[in-house]
Amino acid sequence: MADENKEALLEKVILLAASAGTAWIAQRALAYAWKRTTGKDAPRNALDTDAPNSSIIIFAAVTGAVAAGAKILADRGARRVTRRISAGRLR
């Protein structure tokens, strides 16, 4: 039981680090892609921007999709790394 608790804690720590890292990378990549595609900065705050509503809605939808994908990748990667560490074969 102690090993299961250690593994669960280790998975949570790895998941937290992986989630933070993938979220940061996804945010940077999305902002870069938006600027490259539209020629304008990504809308950061729907209340303070001069961007049209359609741009804000599209950016929000794309951001949600990217965030969901990044979360899936982080979750799966954390689980894979945790299993390898628990099995003693981290490489």
Side-chain angles (χ1 to χ4, degrees):
M1 182 159 174
D3 287 340
E4 290 176 15
N5 288 339
K6 285 182 183 178
E7 186 173 329
L9 179 62
L10 179 62
E11 186 171 345
K12 287 179 183 178
V13 169
I14 292 171
L15 179 58
L16 178 65
S19 294
T22 55
W24 184 80
I25 291 169
Q27 176 203 13
R28 295 292 179 169
L30 185 57
Y32 175 78
W34 187 267
K35 175 88 174 186
R36 190 108 165 123
T37 303
T38 65
K40 298 178 183 178
D41 289 332
R44 296 285 178 207
N45 185 347
L47 299 176
D48 295 338
T49 185
D50 293 330
N53 288 340
S54 59
S55 291
I56 295 168
I57 292 168
I58 291 169
F59 184 74
V62 171
T63 300
V66 168
K71 173 102 172 76
I72 290 168
L73 292 175
D75 288 351
R76 289 181 180 178
R79 178 159 291 141
R80 189 171 26 253
V81 169
T82 302
R83 286 183 180 158
R84 286 183 178 178
I85 290 172
S86 296
R89 55 187 170 101
L90 182 64
R91 285 187 195 220

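Through direct or relayed side-chain contacts under 4.5 Å between Ile, Leu, Val, Met, Phe, Trp and Tyr, Val62 connects to Leu30, Trp34, Ile58, Phe59, Val66.
Taking all atoms of both residues into account, the shortest heavy-atom contact from Ser55 to Pro43 is O-CG, 4.2 Å. Ala74 approaches Thr22 most closely through the heavy-atom pair CB-OG1, 3.7 Å.
Atom NZ of residue Lys12 and atom CD1 of residue Ile14 lie 13.0 Å apart, to the nearest 0.5 angstrom. Rounded to the nearest 0.5 Å, atoms CG (Leu47) and CD1 (Ile56) are 8.5 Å apart.
For the pair Lys71 and Asp75, the salt-bridge criterion is met [side-chain N within less than 4.0 Å of a carboxylate O].
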